[in-house]
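One structure is given here, and the rest of the page talks about it.
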Amino acid sequence: MRKYITKRLIMLVPVLLGVSIIVFAVMRAFTADPAASILGQHATSAQIAELRNKLGLNDPIYVQYWNYFKGMIRGDLGTSLFTQTKVTDELLGRFPATAELAISAIIFASIFGVLVGVISAVKKNTALDYAGMFGALIGVSIPIFWLGIMLIILFGVILGWLPVSGRLDILMTPPKITGFLLIDTLITGNIDMFFDALAHLVLPTVALGMYSTAIIARMTRSSVLETLQQDYIRTAWAKGLAEKAVVIRHALRNALIPVATVIGLQLGSLLGGAVLTETVFAWPGIGKYTVDAITKSDYPVVQGAVLLVAFIFVTVNLVVDVLYAFLDPRIKYS
Amino acid sequence: MLLEVKGLTTVFHMKEGAVRAVQNASFQAGKGEVLAIVGESGSGKSVTSLSIMGLVGEQGTVESGRILYKGEDLLKASKKRMQQLRGNEISMIFQEPMTSLNPVHSIRKQLVEAITTHKNATKQEAEEHALEMLDFVGIPSPKARMGNYPHEMSGGMRQRVMIAMALSCDPQLLIADEPTTALDVTIQAQIMDLLHGLKERLGMGMILITHDLGIVAETADRVAVMYCGRIVEEAPVKELFEEPLHPYTRGLIASIPRLDVSVKRLPVIRGMVPDPTLVPKGCSFSDRCDYCEDKCKRDVPGLASVSPTRKVRCFQRAGILEEKDEKDEKGGAACQN
């Protein structure tokens, strides 16, 4: 197992290298000139050329990449062309916010998705099943930003139950340990702040997790239905087990194996930054930061963010693959 | 009587219409007796066994009939009562040992579960009993095997585990649905020996579902032959093989290769088993039968007693018996010459 994990981690290197080359090339081929956008619309072409020279954008592309590469292997992803801040620091500073939201959303989605899926499968073709699958259809169809705005209007504005913006009350100063507010507030024993952070997390979690919930619910339903047809389920019935034991002990464990893949893929993409959710709820994560950088052609920021997302995606998938071995004893890695 | 099935009819509702997988089947199984139900694929023998267990699934329903276990009608029993009986008093082993055990649970867990579901035992007691059962069904070094997962065992071993599981609560009735079909010939013999030995030792009744007449001849006390959902002949095993009465049974037995008779080509039953939605109107065997007359195509023959122990479903049985007598006489005459 350890050998397998090491092998997979080594395979990360060519993946990240490939991703860095592609993003590097695509940014330069298809986006606007950053020098022009830094200087604004009244800049002369001489000024632009001078800035391009200063930024090294006139060097041959392989020289530019080589310079970037040298920084990259030292963990330095360059400085933003606009703010002159270190991209590595910016990304690491924002990542915990994104991770906290993504993890919270995937937990929400897994619990409710699996629950709805199992109930729909067991109560197949009943009103409960139809309600569950109709809900799932709505879930995959609703645009996230619209759902976010509706949640804000209902729970924030009309009912006034929950905060709708940011990670914490602006009058509170969060402790800085891990960057995960729920963890940091617990470590420092600041219970009031913990609940405030939790309240801030609720609506973005629901908005971001709704799509994944629906996908997981559908997947769980079809997987459980398929599993219930298996011979070993008939054996479980023939043993005289009650329906609950048959479904939970014998069907669910097997049915969850494909569901785990879906959960992993969903988490991977949620961690990649939930641009719309972060924008709607003013969530200070990497999603909004990246999109702003793309519109401004801030090369180093985009490159760094894409690399980070690729790294996370591959790592999450590795974790899911390792989890498989625990779910399914037939799988052994060597 | 341990088990009495009366007029069992099980219907499957398909897109193409209702299919009567089992039609008006009646038979009995006593304590310490092996009843074999024989037939080709699709003859309804597996559905019969699943009907007894109450496990025909969503698409099938038992339309009519009674299944009396020690006088109690299982078709009227509550869900809970059936759960009490299944695996406890009535156990079943299946055709596919490769897929009948849950791949994600250890052998220990699956065996212990079978015991604790019905018996008031602590986990440790159940584990000890599970160990005994594995030993009982002839699994070498059972202690080490307890921690195995199904995929770490061979088909024969898995079937032994299934048998251990089915017998762990001392059932009164064991239904074995093609227990050896998926196994190698040498393993088949081992498993059949095991089942036979267990039946003798435990004194339970057994319903053996199979298409293998060799196994029937070795194991069964009585045989019911099924064709297209109907029992066409029922007889003690010796009488059936010595003197099959139904044309279908005769065809089946004639098609077994024999060591003492040399033939160029084995006799076959002409035609094929009809599609379940296209069974002939009268006798379901009529379009394949050499004795078929107009009446056979029109009416369904009843299952009639021809002796205290034998029943056959055929209009032509009198003619078949006569023909047999003639042959015997001729054979006798030839010998004399």
Side-chain angles (χ1 to χ4, degrees), chain A residues 1 114 118 120-126 128-130 220-261 320-334, chain B residues 46 49-50 52-59 79-107 109-119 147-152 158 161-162 165-166 168-169 171 174-177 182:
Chain A
M1 176 71 100
V114 169
V118 170
S120 281
V122 174
K123 305 278 174 204
K124 190 181 142 199
N125 294 340
T126 63
L128 220 54
D129 176 25
Y130 295 141
T220 306
R221 179 182 184 269
S222 67
S223 184
V224 169
L225 281 179
E226 202 190 309
T227 310
L228 286 175
Q229 301 296 320
Q230 300 294 319
D231 288 344
Y232 53 79
I233 297 300
R234 194 181 52 189
T235 307
W237 286 114
K239 271 181 178 176
L241 296 180
E243 185 174 16
K244 216 165 141 191
V246 174
V247 172
I248 294 174
R249 245 182 280 160
H250 288 269
L252 196 56
R253 174 86 181 270
N254 285 282
L256 281 184
I257 294 168
V259 175
T261 318
V320 170
D321 285 347
V322 170
L323 267 178
Y324 269 167
F326 289 97
L327 278 174
D328 188 344
R330 284 166 296 183
I331 295 173
K332 283 226 163 60
Y333 298 117
S334 53
Chain B
S46 287
S49 62
L50 290 174
I52 298 170
M53 294 293 283
L55 295 175
V56 277
E58 297 167 353
Q59 284 162 325
K79 238 183 179 178
K80 198 148 184 223
R81 176 69 187 143
M82 283 309 288
Q83 282 167 13
Q84 282 171 1
L85 289 175
R86 276 187 217 129
N88 189 17
E89 296 202 24
I90 309 175
S91 269
M92 186 160 178
I93 49 182
F94 299 96
Q95 183 173 352
E96 293 291 341
M98 305 310 277
T99 51
S100 290
L101 289 167
N102 195 325
V104 302
H105 294 308
S106 65
I107 301 303
K109 209 167 163 190
Q110 301 193 49
L111 279 170
V112 165
E113 184 184 45
I115 297 161
T116 51
T117 303
H118 299 292
K119 302 286 180 223
N148 276 174
Y149 286 91
H151 71 276
E152 295 167 318
R158 289 189 213 185
V161 172
M162 277 298 292
M165 204 153 81
S168 58
C169 294
L174 178 70
I175 303 174
D177 185 358

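Basis for what follows: all heavy atoms, side chains included, without hydrogens, waters or symmetry-related copies. Proteins come first, then strands; the chains are lettered A, B, ... in the order of their sequence lines, and each starts at number 1.
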Pick one of side chain, backbone, both or neither for [X], based on which atoms fall under 4.5 Å of a heavy atom in chain A.
{"X": "Leu55(B)", "result": "side chain"}
{"X": "Leu50(B)", "result": "side chain"}
{"X": "Gln110(B)", "result": "both"}

Exercise. Where is the tightest heavy-atom contact between Pro329(A) and Pro103(B), given as atom of each residue plus distance?
Worked result: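 Looking at all heavy atoms of both residues, the closest pair is CG-O, 3.3 Å.
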
For this session: Please check if atom CD in Glu152(B) has more than 12 non-hydrogen atoms from other residues, nucleotides or ligands closer than 6.0 Å.
Result: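 Enclosed.
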
For this session: Answer yes or no: does atom NZ of Lys123(A) have more than 12 heavy-atom neighbours from other residues, nucleotides or ligands under 6.0 Å?
Result: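 Count not over threshold, so no.
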
What residue, out of [options], has the most heavy-atom pairs lying under 4.5 Å from chain A?
{"options": "Gln95(B), Met53(B), Lys80(B), His105(B)", "result": "His105(B)"}
{"options": "Gln84(B), Met82(B), Arg86(B)", "result": "Arg86(B)"}
{"options": "Met162(B), Lys79(B), Glu113(B), His118(B)", "result": "Glu113(B)"}
{"options": "Glu96(B), Met92(B), Met165(B)", "result": "Met165(B)"}
{"options": "Gly87(B), Ser100(B), Ala166(B)", "result": "Ser100(B)"}

Exercise. Which one, Arg249(A), Arg253(A), Glu243(A), Arg234(A), leads in non-hydrogen pairs under 4.5 Å with chain B?
Worked result: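 With the most close heavy-atom pairs to chain B, the winner is Arg234(A).
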
Problem set entry | Main-chain N/O of Leu241(A) paired to Thr117(B) side chain as donor or acceptor, under 3.5 Å |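 Such a contact is absent between Thr117(B) side chain and Leu241(A) backbone.
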
Interatomic spacing from [atom1] in [X] to [atom2] in [Y] - rounded to 0.5 Å:
{"X": "Ile93(B)", "Y": "Thr235(A)", "atom1": "CD1", "atom2": "OG1", "value": "11.0 Å"}
{"X": "Leu111(B)", "Y": "Lys239(A)", "atom1": "CG", "atom2": "NZ", "value": "7.5 Å"}
{"X": "Asp231(A)", "Y": "Met98(B)", "atom1": "CG", "atom2": "CE", "value": "12.0 Å"}

Problem set entry | Heavy-atom proximity to chain B below 4.5 Å, by part of Leu327(A) |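 Answer is backbone: N, CA, C or O of Leu327(A) sit under 4.5 Å from chain B.
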
